[in-house]
Structures are given as C-alpha cells and as structure tokens.
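Keep in mind the model is a prediction, meaning the values are calculated, not measured. The chains referred to below are lettered A, B, ... by the order of the sequence lines, with proteins before strands, and numbering in each begins at 1.
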2 protein chains.
Amino acid sequence: MRPENESDDQPRSFIERARRAQIVRAAVETIAEVGFAKASFARIAARAGISAGLISYHFAGKDELIGQVAADIKEAMDRAIGERAAGAGSYLAALRAVIGGFVHYCAEHRAEMYALREIAANGGPVEQDDAVGQLAGMLRDGQEHGEFREFSPRLMALTLNAALEAVPRELYSRADTDAAAYADELASTFERAVRREGLRRRG
Amino acid sequence: MRPENESDDQPRSFIERARRAQIVRAAVETIAEVGFAKASFARIAARAGISAGLISYHFAGKDELIGQVAADIKEAMDRAIGERAAGAGSYLAALRAVIGGFVHYCAEHRAEMYALREIAANGGPVEQDDAVGQLAGMLRDGQEHGEFREFSPRLMALTLNAALEAVPRELYSRADTDAAAYADELASTFERAVRREGLRRRG
DNA sequence: ACCTGAACACCGTTCAAGT
DNA sequence: ACCTGAACACCGTTCAAGT
C-alpha cells in the first residue's frame with residue numbers, strides 16, 4: 001500500500017525521493033507561514049499541488065513527515081555550526097564557538113528555526129538526545145584535557161542545550177534583542193560554569 | 001450560549017465553579033494517564049461522567065481549559081518553592097533554594113509535572129514570562145545588593161528557566177537520575193555564573 | 001509504481017431542545 | 001442557568017480505482 005523503503009528493501013526510486021523532498025519543502029513553508037497547528041495535510045498538499053492522500057502514500061504518518069522536516073533543518077544547522085567550531089584552538093574556544101554559532105544561526109535563519117521551534121513546541125519528534133550527547137562529549141573531552149572543572153557532563157550538556165533551545169523564541173519575539181549581546185552573555189555564563197577557578201579573569 | 005464570567009459580568013455561580021474544578025481535575029488525570037495527544041474532550045468528559053458539550057459550555061475553548069490546568073499546577077508549585085526560598089539569608093541562598101526546590105518538587109510530584117510538561121511540549125499556553133520575570137527580578141535585586149556580578153538579568157533568567165524546564169524530562173526518563181545530585185549540579189552551575197569573582201571558593 | 005478522490009473514524013465546537 | 005445529544009466542519013488515514 002505504501003513504500004516502506006530505506007533500510008528495508010530497495011532504495012527509494014528517483015521519483016519517490018523527488019516527491020518526498022517536494023512534500024518536505026512544502027511542509028516547511030506551510031509551518032513557517034500558518035504555524036504547526038494549521039499545517040494540515042490538506043494545506044501542505046494544496047501548496048504542493050498534489051492530493052492529501054499522496055502524502056500518506058509517501059510517508060508512514062504525520063510523525064515521519066514532521067520528523068523528516070525537523071531532521072533536514074537540524075542537519076543544515078549542525079553543519080554550519082560545526083564549521084565555525086572546527087577551527088577552535090581550545091575547548092573553551094570551541095564552547096564559545098558553538099554557543100555563538102547557534103545564536104547567530106538563529107538570527108540568520110528565522111523561517112527554518114521558527115518552523116523547528118513550532119515543531120518542538122508541539123510535540124514533534126525532535127530527539128534532542130543527539131545534541132545533548134555531542135555537547136556532553138565535548139565537555140568531557142575538555143575535562144580530560146584539564147581545561148574544565150569537575151561536573152557531570154551530561155547534566156551540564158542538558159542545561160546548555162536547554163539554554164540554547166530558549167534562544168529562538170526570545171530572539172524572534174523581542175525585536176530589540178541583540179543577537180551578539182545574547183551570544184556573549186550565554187558564552188560568558190557557561191564559561192564561568194565550566195572553567196577551573198583562579199586561572200585568569202576576563203570580561 | 002456560554003457563561004463568560006470572571007472579570008466580565010457577575011462572579012461565577014457555585015455550581016459553575018464546582019463543574020470547572022471537576023473538569024480541570026479530570027483533565028489533569030486524563031493527560032497524566034493517556035498523554036496530551038489523546039486527552040480529547042470525549043475522554044475527559046467520560047472520566048468526569050458528563051457530556052463533551054458541557055466542557056465547551058463551561059470553557060471558552062480547549063485553550064482555556066488547558067491553560068487553567070497549567071495555571072493550577074504551577075500555582076501549587078510556586079507556593080511550595082516560595083516557602084522554601086522565603087527563609088534564605090542571602091540572594092545566593094535564595095537562588096540555591098529556588099533551584100533545589102524546583103528539582104525536588106519535580107521529584108515528588110511526578111503526575112502533575114508530567115502533565116504540565118505534556119502541555120508545554122504540545123503547544124499549550126504555559127506563559128513562561130511570569131516565571132522569567134520573577135527570576136529576573138530576584139537576580140537584579142542580588143546585583144543591586146552587590147552579591148551578583150554584572151549581567152543581563154533577563155537573559156540569565158531566561159537561561160535558568162530553560163535549564164529548569166529541562167529537569168522533569170531528564171528526571172522521569174532516566175530512572176537512575178539522582179534528584180539531589182542534579183539539584184546540586186544545577187545550583188553550582190548557576191552560582192558560578194552569577195557570583196562575583198575571587199570572593200571565596202566552595203565545592 | 002504512482003496518484004486520485006471518496007470513505008472512514010475521529011476531533012472541538014455549535015446549537016436546538018429539554019429541565 | 002445548566003445540561004444533553006445530534007449536527008457540523010475539520011482532521012489523518014485507508015483504500016478501491018485509475019494510469
């Protein structure tokens with residue numbers, strides 16, 4: 001009744017990949033325009049110029065479609081932030097690069113991040129554990145290299161991730177919020193939280 | 001067609017208040033039991049032993065009902081945490097009391113906090129600005145009394161609030177998470193983020 | 001294989017009708 | 001004033017039928 005490909009039987013056909021990409025694109029635009037609550041299959045299909053039933057044919061359910069939308073947006077964001085953090089000369093600099101990169105990416109990609117937040121704020125399957133795990137790994141490495149004090153990497157990563165997730169809402173709801181200042185405040189907050197004491201003082 | 005009382009015309013009648021309370025109670029239990037997505041008016045009404053239409057009669061819409069559910073839960077939580085923080089002898093102690101109080105309240109009121117998180121995670125109108133504003137006020141007071149360093153009280157409050165909101169999920173999804181340790185880690189993290197430097201060292 | 005459009009079971013809300 | 005139950009417009013999903 002519906003193609004359950006990818007990690008199943010055959011790879012997806014060309015037309016299937018094209019349709020899925022088209023539907024995902026229409027979904028992003030629809031969510032960004034009318035919000036998650038009103039982004040029904042009927043609206044998404046109308047925007048894409050297809051029948052609503054076709055979405056169910058290509059996706060196992062609404063969860064899979066929304067999950068794909070979220071995954072696409074996050075993949076682009078992770079790549080952009082990763083590039084910024086790649087050249088950091090220390091774990092402290094890497095932490096600052098991740099925080100600053102995230103805030104600036106939010107400021108520069110409002111539609112996507114707004115859609116992502118709409119999804120996360122409406123029970124979408126955003127699976128934050130990847131992000132938390134990556135942050136925890138970076139923090140643990142920084143500890144082992146002696147840059148960071150002792151703390152639970154997982155709980156600190158969880159706290160940092162939560163702080164980052166709060167950024168888009170504040171950035172978009174308050175027009176006067178200065179992205180650079182927000183990034184500096186956040187970076188300073190977590191620098192103080194993770195660094196060893198008495199090393200040096202700045203800011 | 002429906003009573004639009006409270007801050008409108010007459011006060012609510014006794015029977016109206018009783019019905020509203022009964023419906024809110026049934027909604028909390030239903031959300032905690034089957035999750036937000038499946039907590040329909042039909043299910044809530046069935047649990048309360050009334051018709052679904054009666055909910056629409058007493059509440060302007062689903063948003064008002066869910067908002068009332070969230071408000072009731074948060075009011076009880078705020079009172080409990082406020083009691084713990086009332087006796088603090090310093091702003092740093094008050095900060096620690098709020099963080100510790102929140103974590104322990106989460107650990108001790110799983111059903112309510114689970115329902116609240118379900119609501120917040122599904123686009124419910126949880127209005128976090130009250131909490132953020134209160135935290136910001138406390139932080140600002142601590143700055144004016146010279147206990148805290150200079151930072152943006154609003155952005156720090158936003159960051160702290162986000163960190164607190166991440167607590168229930170972690171606490172409930174990982175059975176081995178130690179609430180007391182989580183509270184200590186969080187308190188230590190934010191203590192380091194807000195305090196002046198070089199005053200003293202602990203932990 | 002790919003797609004449509006009607007049918008289905010559900011949802012929140014409205015409303016005539018009862019008391 | 002308070003409440004029911006049918007009707008309504010919507011939703012995501014299914015499925016027979018077309019190509």
Smallest separation among heavy atoms of F41(B) and G61(B), with atom names:
CZ-C, 4.4 Å
Can you tell me if H58(B) touches the phosphate of dA1(D), counting only side-chain N or O atoms and a distance under 4.0 Å to OP1 or OP2?
no
Expressed in angstrom and rounded to an integer, what is the separation of Y57(B) atom OH from dT14(C) atom C1'?
14 Å
Going by heavy atoms closer than 4.0 Å, what residues in residues 27-43 of chain A are next to DNA chain D?
S40(A), F41(A)
Can you list the residues that meet the side chain to side chain donor-acceptor pair (under 3.5 Å) rule with E118(A), with sequence neighbours excluded?
none
For the student: nearest non-hydrogen atoms of I73(B) and A115(B), plus distance:
CD1-CB, 4.3 Å
Whole angstrom value for the distance that separates P of dC11(C) from CG of N122(B):
15 Å
Between G53(B) and F14(B), just flag the one whose closest nucleotide in DNA chain D comes earlier from the 5' side.
F14(B)
Listed nucleotide nearest any side-chain atom of R19(A), set dC3(D), dC3(C), dT4(C)
dC3(C)
Side-chain donor-acceptor contact under 3.5 Å, Q143(B) with R140(B):
no
Specify the separation, in whole Å, of atom CZ of R12(A) and atom C1' of dC2(C).
15 Å
From the list dC3(C), dT4(D), dT4(C), which nucleotide is the closest neighbour of the side chain of I50(B)?
dT4(D)
For the side chain of S56(B), counting heavy atoms from C-beta on, which of dC2(D), dT4(D), dT13(C) is nearest?
dT13(C)
Starting at CZ of R17(A) and ending at P of dC2(C), how long is that distance when rounded to a whole Å?
11 Å
Distance to the ring centre below 6.0 angstrom and angle to the axis at most 45 degrees; does that hold for R195(A) and F148(A)?
no
Determine which pairs satisfy salt bridge (charged side-chain N to carboxylate O under 4.0 Å, His left out) with at least one residue from residues 30-43 of chain A, sequence neighbours left out, and list them in order.
E33(A)-R47(A)
Which nucleotide wins on minimum distance to the side chain of K62(B), given the candidates dC2(D), dG12(D), dT13(C)?
dT13(C)
Let me have DNA chain C in dot-bracket notation, would you? Count Watson-Crick plus G-U wobble pairs, both distances under 3.5 Å, and use [ ] for pairs crossing earlier ones and | for inter-strand partners.
||.|||||...|||||.||
Sequence neighbours left out, what pairs pass salt bridge (charged side-chain N to carboxylate O under 4.0 Å, His left out) with at least one residue falling in residues 106-116 of chain B?
none
Rounding to an integer number of Å, can you tell me how far F59(A) CZ sits from dT13(D) P?
12 Å
Please give, in whole Å, the distance from dT13(D) P to L54(A) CG?
14 Å
For L139(B) and P153(B), the nearest pair of non-hydrogen atoms, with its separation, is CD1-O, 3.8 Å
Can you run down the salt bridge (charged side-chain N to carboxylate O under 4.0 Å, His left out) pairs that involve residues 175-185 of chain B, sequence neighbours left out, and say none if there aren't any?
none
Answer with base, sugar-phosphate or nothing: what part of the nucleic acid does I55(A) contact at a heavy-atom distance below 4.0 Å?
nothing
